[in-house]
There are 2 protein chains.
Amino acid sequence: MGVRERRARQKRYLRQEILDAASELFVREGFENVSMRRIADKIEYSPTTIYLYFKDKAELLEQVCAEAFSRLVQRLTKIDEQPGEPLEKMQRGLLAYIQFGLENPHHYRATFMMPIPEGMREEKLQQADSPGMQAFDFLRRCVYDGIAAGKLKVKDPELASQTVWAGIHGVTSLLITHEKFPWVGREKVAKSMVETLIDGLGGARA
Amino acid sequence: MGVRERRARQKRYLRQEILDAASELFVREGFENVSMRRIADKIEYSPTTIYLYFKDKAELLEQVCAEAFSRLVQRLTKIDEQPGEPLEKMQRGLLAYIQFGLENPHHYRATFMMPIPEGMREEKLQQADSPGMQAFDFLRRCVYDGIAAGKLKVKDPELASQTVWAGIHGVTSLLITHEKFPWVGREKVAKSMVETLIDGLGGARA
DNA sequence: ACATTTACTTAACAGTGTTAACTATACGCC
DNA sequence: GGCGTATAGTTAACACTGTTAAGTAAATGT
């Protein structure tokens, strides 16, 4: 009677194989060069097979990104669990966020820098469980914790969170798209942004 | 003997007409929906005619963006010429930059948020006269002026400039791509970022 | 053993950027 | 005025893209 299960397992397996193939093409060749046909070639199936497992290209790449971002969320929760001053945790978290973006430029681009195809703007990102939003939530918790500990002096915590997000997104995205710009140093700019944000929000750093 | 000139004038005219058509499609329909054929339809020429005036689609859209960004540079120089405290000028400039991005999301996206097609990364953006770089130069001058006036306390002015750029780029790009995110308020976040950056860089604001 | 569901493929549509080859017109010159 | 040439624009085609509809073959349930 395990037939049904075996079939389901095989389906899951192929689905994952598609995801893996897409992910590898994604990181190697970049977003624009991932075509359904190329993914299909890689797994040696016909292009249309993919549509039996994913609604369309957008959904497939969304899943690929979700996988990647869940790794970021893992890192962030690990940082959160470790002991330390709220502001120091925040600093480490923000740097981890930026570092993740730089290590996974294509995934970061796809989730945060691509135009959302008109109509699912509300649904997709506002879902609190979307990996992008989980990352933002971590960051927001950092701000709230900093305020609770009296280490951050801001009137509007939500505004502060969004400002911080915008800040670290700024470095990340700019370093990604303008790789060849004469940066004073990638890590340097990242660190400078994090410090500037915390200082600017009245942070009492060590 | 003005024949040659008349012909040249006609060429310039058609070139501008292509630019205008592309620009209009650009702002109305967005980047991804501007196709060479659609531009051609609009000006009632064959698609290939465009290639007599522009090397390829990238160059055409680059010119479109250059036109738009020159307007930003105009605004910024106007701000620069007006009297006022360095930090206040800076604040107005940064807000103008953000506002420009929000008013011209597609142009901003094309110049600062698109992957640069591998090979012309150095040439294109590093050219000091590119409109993107002119805008950045303004911003950098603001930082240097702020330091010179003793209103900004930073060790590395270049690092500070890049941090500021990343910051305002962050708000701008995030507000563009995630329009439907429950922002605490678009202008509010923009203002908060500008203030946070200046404060974070040891700015002595009024 | 037969009918049905399942998994997958082939063929096709409508679109993309771009190139090569062709055509018609306007020009300079004798 | 007529002729050859440069100029400006066109048509047709290539090699792609995402996606859908229709068809096929094998595994399954009865």
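Convention: sequence-line order gives letters A, B, ...; per-chain numbering from 1.
Phosphate contact (OP1/OP2 of dA7(C), side-chain N/O of K11(A), threshold under 4.0 Å): present. Not one side-chain nitrogen or oxygen of T49(B) sits closer than 4.0 Å to the OP1 or OP2 atom of dG9(D).
Per the geometry, CG belonging to D41(A) stands 13 Å off C1' belonging to dC16(D), to the nearest Å. The separation between K55(B) atom NZ and dT18(C) atom C1' is 11 Å, rounded to whole Å. As a whole-Å value, the separation of N33(B) CG from dT16(C) P is 9 Å. Following rounding to the nearest Å, E29(B) (CD) and dG15(C) (C1') show an atom-to-atom distance of 15 Å. Distance, M36(B) CE to dT17(D) C1': 17 Å, rounded to whole Å. When rounded to the nearest whole Å, the span between CG of L60(A) and P of dT19(D) equals 10 Å. Whole-Å rounding puts the E32(B) CD to dG18(D) P distance at 14 Å.
Here the side chain of K57(A) is nearest to one of dT18(C), dT11(D), dT19(D), namely dT19(D). Closest contact between the side chain of D56(A) and the listed nucleotides dT19(D), dT18(C), dG9(D) involves dT19(D).
Centroid-to-centroid, the aromatic rings of H178(A) and F112(B) come within less than 6.0 Å. Between F26(B) and H107(B), the gap from one ring centroid to the other is short of 6.0 Å. Between Y53(A) and Y45(A), the gap from one ring centroid to the other reaches at least 6.0 Å.
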Notebook entry, point to check: Could you walk me through whether W183(A) and E158(B) pass the side-chain contact (heavy atoms from CB on, under 4.5 Å) check?
Noted result: CA-CA 9 Å; W183(A) 296 110; E158(B) 204 59 36; over 6 Å; no

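Within the nucleic acid shown, Y53(A) comes within 4.0 Å of sugar-phosphate atoms alone, with no base atom in reach, counting heavy atoms only. At the heavy-atom level, Y51(A) lies under 4.0 Å from base atoms of the strands shown.
Salt bridge annotation for E187(A)-K191(A): absent, with no cationic side-chain nitrogen under 4.0 angstrom from a carboxylate oxygen. For the pair E29(B) and K42(B), the salt-bridge criterion is not met [side-chain N within less than 4.0 Å of a carboxylate O].
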Protein-nucleotides 21-25 of chain C N/O pairs closer than 3.5 Å?
none

List, with names and distances, any nitrogen or oxygen atoms from the protein found under 3.5 Å away from nitrogen or oxygen atoms belonging to nucleotides 11-13 of chain C.
unit_1: dA12(C); atom_1: N6; unit_2: R37(A); atom_2: NH2; d: 3.4

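Using modelled atom types, no side-chain atom of W165(A) and backbone atom of R140(A) make a donor-acceptor pair closer than 3.5 Å.
Here the closest heavy-atom approach between residue C65(A) and residue T111(A) is recorded as CB-CG2, 3.3 Å.
A donor-acceptor contact under 3.5 angstrom links the side chains of T163(A) and S192(B), judged on distance only.
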